[in-house]
J.: 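Pasting a structure here, questions to come.
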2 protein chains.
Amino acid sequence: MKAVTISDVAKHAGTSKSTVSQFLNERFDYMREDTKKRIEVAIEELGYSPNIVARSLKMKSTKTIGVIVANILHVFSTQVIRSIEDFCNESNFHVIVCNADDDPVKEKRYIDMLRAKQVDGIIAFPTGGNVDLYKRLVSEKYPIVFMDRMIPELPINTVLLDNEKASKLAVDAFLQKGHDQIGMISPSLGKCITPRMERINGYKNALLDHQIPFKQEYLVSAEIPHIQSVLETMLGSPNRPQALLALNDRVLFEILKYTKEHQIRIPEDLAVIGIDDVSFANFYSPALTTVAQPAFEMGKKAAELLLTRISNKESEVEAEIFRFEPQLIKRSSC
Amino acid sequence: MKAVTISDVAKHAGTSKSTVSQFLNERFDYMREDTKKRIEVAIEELGYSPNIVARSLKMKSTKTIGVIVANILHVFSTQVIRSIEDFCNESNFHVIVCNADDDPVKEKRYIDMLRAKQVDGIIAFPTGGNVDLYKRLVSEKYPIVFMDRMIPELPINTVLLDNEKASKLAVDAFLQKGHDQIGMISPSLGKCITPRMERINGYKNALLDHQIPFKQEYLVSAEIPHIQSVLETMLGSPNRPQALLALNDRVLFEILKYTKEHQIRIPEDLAVIGIDDVSFANFYSPALTTVAQPAFEMGKKAAELLLTRISNKESEVEAEIFRFEPQLIKRSSC
DNA sequence: CTGAAAGCGCTTACAG
DNA sequence: CTGAAAGCGCTTACAG
């Protein structure tokens, strides 16, 4: 391991640590050209590279942020992380990625660890289970941005899809094709997860807008592994829906699995739209009509919000909710 | 922001910083019960949490590793990161994720930044472009593990798929179905990327094993955006292959797009196997036969190797290559 | 069983 | 224009 420090450079260049530090921080205002040169040479010759941990300790800033996602395996999370990483990179920030697995206990552990590591701020997909902890962070003015999910009581900037609109786009598309018997399948609703609640509301409101009566039996939520049997009963019933909205990609997978196994033709027997644009939407048969989320813009926005919050910590920012527009991509499944 | 430090705790507990530190590090050997209690209480009351940056500076270990992937958007990378993260989490390590984008310049920047941040080790999908840099790191005994790609000159532990086997499994499966006119499509080969080279070799060798002559025109590599036209000429020719092996998921996507657009039936007109098990393999029509990589095990292995390397830095480890078994998942596309 | 002191590698007011 | 000194928040020999 290298052990060359700022003192070594100073000695080598025949100057003091302070001056080397000035040099490193590009405060050249009063530095003589030859001192500059000597330091440059010394750094080069010794292969010096500053120890950022030491700097962080002194500066109380690590130039690192934490991102706590529900699950990095979800495509949406991946895209969000990617754009956060890209944005941070431009500002010389690093990102530590954590998987909370939708478990508040894990979430808390990660928040504690990240703070102990003096991370400058956190972007979280909150599980909803650590409201008090977040409250404390807010009161300490610790920079936080929420992504994808909202906790109403908390004054924290939040980046969200316009989830109601996403459902509405789908419902409208179904109607345009003459389907007014529209069902919706959602993952389990136990934990009040923002996009799920809002998409369901959006579905209901869209029906209302068109004076279509809402039928309880057309809206089902269930754990992913149970969706097959849910579909069985829903689609087996005599007055089954003609169209089905998948709340997200996981649900869409289940619907496609079911229709394949039971040879239900899309869209002839059943029109389908999924929220989340999936990788195979284009070349599936039929090509799948989806509602896409602008994941990259959302990630970028979150990073932007966090970094500006970090750079002017004191400014009393109003917490805002930033909504992003979903986009209907018409293909052939509806 | 909190500013409670170890001194505050010491004062509050009526003891010294040293003793508090002993307490924090669970060196209770000589500690009186009541001192322990008092410290416990003080920590609780002040809401103290240790500053890991300060500890890191002193200990010369940050309990953080860096992972440099080619592109986090690839499913394989995502799975690898997830399992690295899980494994590290158990050992209280954090992971910083970086996207090199297959660009050696970016890769170098990230390595430098990670080292400046005193990260304890790095897992990289090497671009192949920074051999000298890696050599220097090796000579400094800096802990590194390579993933997915190999750089032969470098004595660095490397986790790889048995890529030749992956191709062989596919070729054998084709032959079993009576297809001996087997083509293979690969992304561009410009940069000598291990899995690509090895899978191609595996394809050639598997043909050889079965005394099937290798036809140059059956093996094509091209940038992803050009694959459509490559397929056009390959499948348009009079003696076109009956079976097609996709070197990875991106290539598979292109093949499926092409077959859909040109109404080529799978497997009747063209048998298809893809390396990389894709999310929709099961419910695509036809269900897709794939060769799966054990991405989670591979990620875990890499993390394991790196962390043990970090914990006993001095041991002169022989660099090894760890090969993982691909698995043929028979479905209906072949 | 516990405390004073030195030191990890930086930065930054301040003095000259 | 540059250097000596203090300090960021820890840990760890060492002395008692």
Side-chain angles (χ1 to χ4, degrees), chain A residues 1-40 42-43 46-64 92 112-113 115-120, chain B residues 1-40 42-43 46-64 92 112-113 115-120:
Chain A
M1 304 248 34
K2 273 190 295 200
V4 20
T5 75
I6 202 172
S7 316
D8 301 322
V9 176
K11 225 169 289 170
H12 200 91
T15 177
S16 74
K17 291 195 300 173
S18 322
T19 308
V20 176
S21 177
Q22 310 276 32
F23 176 90
L24 292 173
N25 293 290
E26 298 182 316
R27 276 191 271 280
F28 298 133
D29 315 359
Y30 302 108
M31 203 172 298
R32 263 198 339 242
E33 265 311 315
D34 66 308
T35 332
K36 219 152 119 182
K37 263 272 140 44
R38 285 197 331 268
I39 295 177
E40 231 160 46
I43 288 178
L46 299 174
Y48 169 74
S49 134
N51 180 328
I52 295 192
V53 172
R55 171 185 293 163
S56 298
L57 176 58
K58 183 70 194 175
M59 304 290 276
K60 296 170 170 305
S61 151
T62 52
K63 292 274 220 170
T64 306
N92 262 289
D112 291 342
M113 283 177 68
R115 297 223 57 212
K117 277 212 167 142
Q118 313 298 115
V119 140
D120 294 339
Chain B
M1 305 247 36
K2 272 190 294 199
V4 21
T5 75
I6 202 172
S7 317
D8 301 320
V9 176
K11 224 167 290 170
H12 201 88
T15 177
S16 74
K17 289 196 301 172
S18 323
T19 307
V20 176
S21 178
Q22 310 277 31
F23 176 90
L24 292 173
N25 293 290
E26 298 182 314
R27 275 190 273 278
F28 298 133
D29 316 359
Y30 303 108
M31 202 171 296
R32 264 199 336 243
E33 267 308 316
D34 65 305
T35 332
K36 219 152 118 181
K37 264 271 138 47
R38 282 194 336 264
I39 295 177
E40 232 160 45
I43 288 177
L46 298 175
Y48 170 73
S49 135
N51 180 327
I52 295 193
V53 172
R55 170 185 293 163
S56 297
L57 175 59
K58 184 69 194 177
M59 305 288 277
K60 295 172 170 304
S61 152
T62 51
K63 293 276 222 166
T64 305
N92 262 288
D112 290 343
M113 282 176 71
R115 297 223 59 212
K117 277 210 169 145
Q118 312 299 114
V119 139
D120 294 339

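A, B, ... follow the sequence lines: proteins, then strands. Residue 1 opens every chain.
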J.: Could you pull out all donor-acceptor pairs under 3.5 Å where a side-chain atom in residues 5-15 of chain A meets a protein atom, sequence neighbours excluded?
T.:
unit_1: A:Thr5; atom_1: OG1; unit_2: A:Ser7; atom_2: N; d: 3.1
unit_1: A:Asp8; atom_1: OD2; unit_2: A:Thr5; atom_2: N; d: 2.7
unit_1: A:His12; atom_1: NE2; unit_2: A:Glu45; atom_2: OE1; d: 2.9

J.: Kindly write out the residues that satisfy side-chain hydrogen bond (donor to acceptor under 3.5 Å, both in side chains) with A:Lys117, not counting sequence neighbours, or none if the list is empty.
T.: B:Thr64, B:His94

J.: Taking both distances under 3.5 Å as the test for a Watson-Crick or G-U pair, what stems of at least three pairs does DNA chain D have?
T.: C:1-3 with D:14-16, C:5-12 with D:5-12, C:14-16 with D:1-3

J.: Would you check, one step at a time, whether the test side-chain hydrogen bond (donor to acceptor under 3.5 Å, both in side chains) holds for B:Thr19 with B:Ser16?
T.: CA-CA 5 Å; B:Thr19 307; B:Ser16 74; 3.3 Å; yes

J.: Enumerate the residues from residues 16-25 of chain A whose closest heavy atom to DNA chain D is under 4.0 Å, giving them by residue number; use none for an empty result.
T.: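 A:Ser16, A:Ser18, A:Thr19 - these, ordered by number, are the residues of the stretch whose heavy atoms sit under 4.0 Å from the strand.
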
J.: Of all heavy-atom pairs between A:Ala116 and B:Ser49, which one has the smallest distance, and what is that distance?
T.: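 Scanning both residues, the minimum pair turns out to be CB-OG, 4.1 Å.
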
J.: With sequence neighbours left out, write down each residue that passes side-chain hydrogen bond (donor to acceptor under 3.5 Å, both in side chains) with B:Glu26, or none if nothing qualifies.
T.: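 For B:Glu26 there are no side-chain hydrogen bond (donor to acceptor under 3.5 Å, both in side chains) partners, ignoring immediate neighbours.
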
J.: Looking for any heavy atom pair under 4.0 Å, which part of the strands does A:Thr15 touch: base, sugar-phosphate only, or nothing?
T.: sugar-phosphate

J.: Are the side chain of A:Thr62 and the backbone of A:Gln118 linked by a donor-acceptor contact shorter than 3.5 Å?
T.: yes

J.: Chain A on DNA chain C: first and last contacting nucleotide, 5' to 3', under 4.0 Å to a heavy atom?
T.: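 On DNA chain C, the outermost contacted nucleotides are C:dG9 to C:dT12.
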
J.: Take A:Asn92 and B:Met113 through the test side chain to side chain contact (heavy atoms under 4.5 Å, CB included) and record every step on the way to the result.
T.: CA-CA 9 Å; A:Asn92 262 289; B:Met113 282 176 71; 3.6 Å; yes

J.: Please report the interatomic distance CG(A:Leu57) to CD1(B:Ile52), rounded to the nearest 0.5 Å.
T.: 13.0 Å

J.: What distance separates A:Arg38 CZ from A:Ile43 CD1, expressed to the nearest 0.5 Å?
T.: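 Rounded to the nearest 0.5 Å, the CZ-CD1 separation comes out at 12.5 Å.
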
J.: Between A:Pro50 and B:Thr35, just flag the one whose closest nucleotide in DNA chain C comes earlier from the 5' side.
T.: B:Thr35

J.: B:Arg55 versus B:Pro50: any side-chain heavy-atom pair under 4.5 Å?
T.: yes

J.: So which one's nearest nucleotide on DNA chain C is more toward 5', A:Met59 or A:Val53?
T.: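 The residue mapped nearer the 5' terminus is A:Val53.
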
J.: Looking across every strand, which nucleic acid part, if any, lies under 4.0 Å from A:Ser7 by heavy atom: base, sugar-phosphate, or nothing?
T.: nothing

